[in-house]
**Student:** 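Dropping the structure in here first, questions after.
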Amino acid sequence: AAWKGAAALSLATLAACAPRLAPGTADALLDGLFAPPTAAEREGVLGQWASRDTGVPGFRVEWGRREEGGPRTLVVSHTVGGVRHFGAVRVPTGAAGRKLPVLVVAHGGERGVTPLEFFRSGRFAEEWVQVLPSYRAERLVASPLRWYRSGGPPSPWDRDVDDVMALLGATLAHVPEADGARVAVLGRSRGAGVALLAGVRDPRVRAVVAYSGPTDFFLPEVRRLAERAVRSRIPRLPGAGYMADSVLFALREGRITVARARVEVLRPSPPLLAHRLPPTQVHHGTADDEVPIAHAERLAHAVRALREPPVWEYHRYEGGGHRPRTLHGSRERAEAFLQRVADLPPSR
């Protein structure tokens, strides 16, 4: 509750500091921002990503715990992009001397992360090494009296993926049970976008499962949110404050160019680079009131239009909401999908 109050205050403050625009001015600004991206712009984004260093210098184990007769949990850190980043790793019972597939669990929201995000039952808990990243400027709470904060300013969906890639590399280098030939990413909400983008960017990722995530920031639904935000009515959604300040307000105030702003909208939009996805499974409810199902439909359309689409599953849940528990049967479908694709040969 305290976090929600603080988030509301932060957005209200951001909105209060932003003068309103006349409708015609706002429309012209948004027309330029949301025009369809070009092939050159897509290639430019790929080039930017390729130039980033996601190596794993400065690795260290911050804390560890082994439950009696049970799994081993580690909090680890490393540096990426000049900042220290924290994550947690869970190695299941009886894994010593074995190589197990790796599941990166990308969380949703902006409240930080705890090991409660790990799967604690079922095949993911028993047969996979799980990797749990924090995001920049977030806390990772290992226990009520033990927490860590990742450095750097927030960067939803963009540097989030840098951090995931670096933490994955650290895990593969320092956790002997982790099998680098069998890596999957599963994400929810904001984390679903992170999972899809990790699949686009990182050739080590062999499969992706995405729950209720944003996919295409050029959608009309996103433009409508932008129209509200640029007139100082910022929606209370994860990443909305960041996008409003770093893209919309920055463009309006001349802090960035239209070309730069368009890159910020393109980078978190995996349907525009769907040809680079590995085998992917998407879950979305028709009654999702946080991330419209249009995002999943847009990704499905992009994948199906490919000349050689990847292995692909799209599960649409009539009446399902934003929370995974409302998408009945999705956990079993995700486990079955990842067990099937974990042994596929590399897709690229």
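Side chains included, hydrogens not; waters and symmetry mates left out as well; all remaining heavy atoms used. Computed from a prediction, not measured in an experiment: that's the story for all the values here.
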**Student:** In terms of hydrophobic clustering (I, L, V, M, F, W, Y; side-chain heavy atoms under 4.5 Å; direct or indirect links), are L306 and L299 co-clustered?
**Tutor:** no

**Student:** So which of H78, H174, H85 actually passes ring pair (Phe, Tyr, Trp, His ring centres under 6.0 Å) with F59?
**Tutor:** H174

**Student:** In terms of hydrophobic clustering (I, L, V, M, F, W, Y; side-chain heavy atoms under 4.5 Å; direct or indirect links), are V80 and V183 co-clustered?
**Tutor:**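 As far as the 4.5 Å side-chain criterion goes, V183 and V80 are not connected within one cluster.
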
**Student:** Backbone N or O of F217 within a donor-acceptor pair of the R298 side chain at under 3.5 Å?
**Tutor:** no

**Student:** State which residues pass side-chain hydrogen bond (donor to acceptor under 3.5 Å, both in side chains) with R84; sequence neighbours excluded, sorted by chain then number.
**Tutor:**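 Only S77 meet the side-chain hydrogen bond (donor to acceptor under 3.5 Å, both in side chains) criterion with R84.
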
**Student:** For a quick check under 3.5 Å, do W128 and E335 share a side-chain donor-acceptor pair by atom type?
**Tutor:**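 There is no such pair between these side chains.
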
**Student:** Whether E221 and R223 form a salt bridge (side-chain N of Lys/Arg under 4.0 Å from carboxylate O of Asp/Glu) is what I want to check.
**Tutor:**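 No, R223 and E221 are not salt-bridged.
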
**Student:** Would you confirm whether K99, through its side chain, and P176, through its main-chain N or O, come within 3.5 Å as a donor-acceptor pair?
**Tutor:** yes

**Student:** Evaluate side-chain contact (heavy atoms from CB on, under 4.5 Å) for T73 paired with V91, printing each intermediate quantity in order.
**Tutor:** CA-CA 6 Å; T73 301; V91 181; over 6 Å; no

**Student:** Between E138 and R190, does any side-chain N to carboxylate O distance fall below 4.0 Å?
**Tutor:**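 A salt bridge links E138 with R190.
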
**Student:** Can you find a side-chain donor-acceptor pair between Y317 and H283 that sits under 3.5 Å?
**Tutor:** yes

**Student:** Answer with yes or no after comparing the ring centroid distance for Y148 and W63 against a 6.0 Å cut-off, counting only values under it.
**Tutor:**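 Centroid separation for Y148 and W63: 6.0 Å or greater.
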
**Student:** How long is the straight-line distance from CZ of R255 back to CZ of F249, given to the nearest 0.5 Å?
**Tutor:** 9.0 Å

**Student:** Side chains of V89 and V175: closer than 4.5 Å at any heavy-atom pair?
**Tutor:** yes

**Student:** Is there side-chain contact between L277 and V303, with heavy atoms separated by less than 4.5 Å?
**Tutor:** yes

**Student:** Would you check if R66 and L74 make a side-chain contact, meaning some heavy-atom pair closer than 4.5 Å?
**Tutor:**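 With C-beta onward as the side chain, the pair stays apart.
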
**Student:** Could you check D202, V161, L273 and say which one makes a side-chain contact (heavy atoms from CB on, under 4.5 Å) with W49?
**Tutor:**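 Only one option passes, and that is L273.
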
**Student:** Are any of the side-chain heavy atoms of V113 and V141 separated by less than 4.5 Å?
**Tutor:** no

**Student:** Do the side chains of D160 and R136 get close enough for a salt bridge, i.e. N-O under 4.0 angstrom?
**Tutor:** no

**Student:** So do F119 and V105 actually touch side chain to side chain, heavy atoms under 4.5 Å?
**Tutor:** yes

**Student:** Nearest 0.5 Å, please: how far is CE in M165 from CG in L197?
**Tutor:**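 So the CG of L197 and the CE of M165 are separated by 11.0 Å.
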
**Student:** Over all heavy atoms of both residues, which pair between V56 and A166 is shortest? Give the atoms and the distance, please.
**Tutor:**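 Heavy atoms of V56 and A166 come nearest at CG1-O, 2.8 Å.
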
**Student:** Can you list the steps and then say if W157 with V194 is a side-chain contact (heavy atoms from CB on, under 4.5 Å)?
**Tutor:** CA-CA 5 Å; W157 304 292; V194 172; 4.2 Å; yes

**Student:** Salt-bridge test for R188 and E117: reply yes if a basic N is under 4.0 Å from a carboxylate O, no otherwise.
**Tutor:** yes

**Student:** Measure from the side-chain N and O atoms of T114 to the backbone N and O of L116, and report whether any donor-acceptor pair falls under 3.5 Å.
**Tutor:** yes

**Student:** Taking all non-hydrogen atoms of both residues into account, name the closest pair between P270 and T215 and its distance.
**Tutor:** CD-O, 2.9 Å

**Student:** Report the distance from atom CG of L100 to atom CG of D179, rounding to the nearest 0.5 Å.
**Tutor:**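 One finds 8.0 Å between CG of L100 and CG of D179.
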
**Student:** Quick one: do Y242 and V247 satisfy side-chain contact (heavy atoms from CB on, under 4.5 Å)? Show the steps, please.
**Tutor:** CA-CA 8 Å; Y242 169 82; V247 179; 5.9 Å; no

**Student:** Ignoring hydrogens, what is the shortest heavy-atom contact between L338 and A184? Give both atom names and the distance.
**Tutor:** CD2-CB, 3.9 Å

**Student:** Check the side chains of Y135 and E110 for a donor-acceptor pair under 3.5 angstrom, ignoring hydrogens and angles.
**Tutor:** no

**Student:** Hey, quick one: are L30 and L219 part of the same hydrophobic cluster, counting side-chain heavy atoms closer than 4.5 Å, chains of contacts allowed?
**Tutor:** yes

**Student:** Determine, using the 4.5 Å side-chain heavy-atom cutoff (strictly less than), whether W147 and F86 are members of one ILVMFWY cluster.
**Tutor:** no

**Student:** Testing V45, L196, D216 for side-chain contact (heavy atoms from CB on, under 4.5 Å) with S269, which one passes?
**Tutor:** D216

**Student:** Under a 4.5 Å cut-off applied to non-hydrogen side-chain atoms, are R260 and R262 in contact?
**Tutor:**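 A side-chain contact is absent here, since even the closest heavy-atom pair is not under 4.5 Å.
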
**Student:** Less than 4.0 Å between a side-chain N and a carboxylate O, is that true for E177 and R72?
**Tutor:** yes

**Student:** Once you round to the nearest 0.5 Å, how far does CZ of R331 lie from CZ of R123?
**Tutor:** 11.5 Å

**Student:** Once you round to the nearest 0.5 Å, how far does CG of L248 lie from CD1 of I256?
**Tutor:**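 It is 8.5 Å, given to the nearest 0.5 Å.
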
**Student:** Testing the basics here: between A261 and L251, what is the closest heavy-atom pair and its distance to 0.1 Å?
**Tutor:**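 Smallest heavy-atom distance, with atoms named: CB-CD2, 4.1 Å.
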
**Student:** With a sphere of 6.0 Å drawn around CZ of R149, does it hold more than 12 non-hydrogen atoms of other residues, nucleotides or ligands?
**Tutor:** yes

**Student:** Are side-chain heavy atoms of Q281 and V341 found at a separation under 4.5 Å?
**Tutor:**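 The answer is no; the side chains never approach within 4.5 Å.
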
**Student:** Are any of the side-chain nitrogens in D288 or R323 under 4.0 Å away from the carboxylate oxygens of its partner?
**Tutor:**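 R323 and D288: not salt-bridged.
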
**Student:** So, E41 side chain and T38 main chain: donor-acceptor pair closer than 3.5 Å or not?
**Tutor:** yes

**Student:** Before accepting this row, confirm whether a basic side-chain N of the pair E297/R316 lies closer than 4.0 Å to the acidic partner's carboxylate O.
**Tutor:**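 Yes, this pair counts.
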
**Student:** Just wondering, do H322 and V291 contact through their side chains at under 4.5 Å, heavy atoms?
**Tutor:** yes

**Student:** Side chain of R276, backbone of V200: donor and acceptor closer than 3.5 Å?
**Tutor:**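 Side chain of R276 to backbone of V200: a pair is present.
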
**Student:** Using modelled atom types only, decide if a donor and an acceptor are shared between the side chain of T280 and the backbone of P278 within a distance under 3.5 Å.
**Tutor:** yes

**Student:** Rounded to the nearest 0.5 Å, what separation is found between the CG atom of D31 and the CG atom of D27?
**Tutor:**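 So the CG of D31 and the CG of D27 are separated by 6.5 Å.
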
**Student:** Is there a side-chain contact (heavy atoms from CB on, under 4.5 Å) between S155 and D162 once you walk through the steps?
**Tutor:** CA-CA 10 Å; S155 181; D162 292 14; over 6 Å; no

**Student:** Who passes side-chain hydrogen bond (donor to acceptor under 3.5 Å, both in side chains) against S134, sequence neighbours left out?
**Tutor:**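 Applying side-chain hydrogen bond (donor to acceptor under 3.5 Å, both in side chains) to S134 gives S150.
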
**Student:** Can you name the nearest heavy-atom pair linking P203 to R201, along with the distance?
**Tutor:**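 Here P203 and R201 meet closest at CD-O, 3.5 Å.
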
**Student:** Treating Ile, Leu, Val, Met, Phe, Trp and Tyr as nodes and any side-chain heavy-atom pair under 4.5 angstrom as an edge, say whether M243 and V263 lie in one connected cluster.
**Tutor:** yes

**Student:** Which pair of non-hydrogen atoms, one from A195 and one from G187, has the smallest distance, and what is that distance?
**Tutor:**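 In terms of heavy atoms, the two residues are closest at CB-N, 3.8 Å.
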
